[in-house]
Amino acid sequence: MGRRFRGESQHKVDGKGRVSIPASFRRVLEASDPNWQSGDAPELVIVYGDARRNYLECYTMEAIEEVDAKIAALPRGSLARKALERMFNGQSLPTTVDETGRLVLPAKLRNKIGLKGEAFFIAAGDTFQIWKPETFDDVQEMEAAKLMDELPEGMDPLALLDGGL
């Protein structure tokens with residue numbers, strides 16, 4: 001397992017769809033790209049998925065190769081394999097970070113999640129997500145409220161690591 005993404009930040013998106021990636025995220029992309037060498041642009045895959053997805057998920061090369069291997073292990077022609085191939089192979093964009101540490105998000109991807117002037121980045125282990133800030137806030141508020149309703153009062157979240165709930 002490679003390095004993990006940590007943290008969150010918000011960055012401007014220019015009219016051409018260019019957005020700076022947090023510097024710490026760039027280091028993880030470099031470390032998780034087996035072909036990367038100093039001076040090269042690290043590769044990644046942006047999975048945008050179908051209409052149910054309201055964010056972009058950015059996979060390191062190590063992470064997407066792990067997903068690809070799991071998909072390839074499924075029976076050829078199975079519904080699960082077809083659905084996963086459509087999302088991870090068809091509804092995705094292989095790309096690189098430019099020399100100034102930015103991603104270029106095509107209009108199709110920006111329009112899909114309603115991204116205009118600002119992008120919100122949040123770490124998700126071996127991936128990171130890009131959201132329209134207002135959408136993230138709304139979803140986060142709803143999910144946090146649901147989680148708080150399900151957890152016993154005063155429960156230490158670390159108990160979840162051991163399967164406690």
Side-chain angles (χ1 to χ4, degrees), residues 1-29 32 42-64 66-68 70-71 79-80 82-95 97 101-165:
M1 176 187 337
R3 293 177 57 189
R4 313 292 274 177
F5 294 103
R6 305 249 184 238
E8 60 184 39
S9 62
Q10 195 161 313
H11 298 268
K12 290 193 181 307
V13 180
D14 73 13
K16 295 181 180 178
R18 295 177 297 208
V19 60
S20 290
I21 300 174
S24 64
F25 287 18
R26 293 194 300 266
R27 301 296 82 82
V28 176
L29 289 169
S32 302
E43 295 179 278
L44 67 147
V45 175
I46 303 172
V47 176
Y48 53 88
D50 62 22
R52 294 171 291 185
R53 248 182 198 230
N54 52 2
Y55 59 92
L56 307 174
E57 185 119 28
C58 300
Y59 284 76
T60 66
M61 295 312 294
E62 284 180 355
I64 202 69
E66 181 182 325
V67 170
D68 287 343
K70 288 182 178 188
I71 292 170
L79 183 59
K82 286 179 183 179
L84 290 167
E85 285 175 333
R86 178 165 294 125
M87 185 164 111
F88 286 95
N89 300 137
Q91 297 167 331
S92 65
L93 174 71
T95 190
V97 177
R102 297 179 301 186
L103 275 180
V104 177
L105 300 174
K108 175 181 178 175
L109 273 58
R110 294 191 316 270
N111 292 340
K112 181 182 183 304
I113 64 170
L115 203 58
K116 294 202 183 339
E118 297 276 328
F120 181 77
F121 288 75
I122 186 157
D126 61 356
T127 68
F128 65 89
Q129 299 169 352
I130 302 173
W131 291 75
K132 177 181 177 182
E134 299 83 2
T135 303
F136 178 81
D137 290 344
D138 292 345
V139 169
Q140 179 70 11
E141 186 177 318
M142 182 180 64
E143 288 178 353
K146 182 180 176 190
L147 181 62
M148 294 310 292
D149 287 345
E150 293 175 6
L151 293 178
E153 190 173 330
M155 178 185 168
D156 184 341
L158 289 174
L160 296 171
L161 293 174
D162 297 323
L165 184 64

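These numbers come from the heavy atoms of this one structure, side chains and all, not from hydrogens, waters or symmetry mates.
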Would you say the side chain of T60 lies within less than 4.5 Å of the side chain of F5, judging by non-hydrogen atoms?
-> yes

Is there side-chain contact between E62 and D126, with heavy atoms separated by less than 4.5 Å?
-> no

Going by heavy atoms in the side chains, are F128 and I122 under 4.5 Å from each other?
-> no

F120 and E8: CA distance, side-chain angles, deciding distance, side chain to side chain contact (heavy atoms under 4.5 Å, CB included) verdict = CA-CA 7 Å; F120 181 77; E8 60 184 39; 3.7 Å; yes

Residue pair L93, V47: steps toward the side chain to side chain contact (heavy atoms under 4.5 Å, CB included) verdict | CA-CA 6 Å; L93 174 71; V47 176; over 6 Å; no

Heavy atoms of V13 and R110 approach each other most closely as CG1-CD, 4.0 Å

Begin from the C-alpha positions of I130 and C58 and carry the test side chain to side chain contact (heavy atoms under 4.5 Å, CB included) through to its verdict.
-> CA-CA 8 Å; I130 302 173; C58 300; 3.8 Å; yes

Nearest-0.5 Å distance that lies between atom CG in L44 and atom CZ in R26 = 12.5 Å

Between P133 and E118, what is the shortest heavy-atom contact and its length?
-> CD-O, 3.3 Å

Taking every non-hydrogen atom, the tightest pair across F121 and P22 | CD2-CD, 3.7 Å

Let me see the working for K108 and Y48 under side chain to side chain contact (heavy atoms under 4.5 Å, CB included), right down to the final yes or no.
-> CA-CA 10 Å; K108 175 181 178 175; Y48 53 88; 3.4 Å; yes

Taken to the nearest 0.5 Å, the spacing of I21 CD1 from H11 NE2 works out to 9.0 Å

N-O pairing of K16 and D14 below 4.0 Å | no

Interatomic spacing from OG in S24 to CZ in R3 - rounded to 0.5 Å | 8.5 Å

Note, W131 side chain near N54 side chain (heavy atom, < 4.5 Å) = yes

Separation of T95 OG1 from L105 CG (nearest 0.5 Å) = 8.0 Å

Kindly check if the number of other-residue, nucleotide or ligand heavy atoms within 6.0 Å of CZ (R27) is above 12?
-> yes

Straight-line distance of I113 CD1 to L56 CG, nearest 0.5 Å = 4.0 Å

Would you say the side chain of V19 lies within less than 4.5 Å of the side chain of V104, judging by non-hydrogen atoms?
-> no

Side-chain (S32) to main-chain (L29) donor-acceptor, under 3.5 angstrom = no

Which atoms form the tightest heavy-atom contact between K132 and L115, and what is the distance?
-> CA-CD1, 3.8 Å

Here the gap from Y55 atom OH to K112 atom NZ, rounded to the nearest 0.5 Å, amounts to 9.0 Å

Are any non-hydrogen side-chain atoms of V28 and R4 less than 4.5 angstrom apart?
-> no

Residues which pass salt bridge (Lys or Arg N to Asp or Glu O under 4.0 Å) with K116, listed by chain and number, not counting sequence neighbours = none

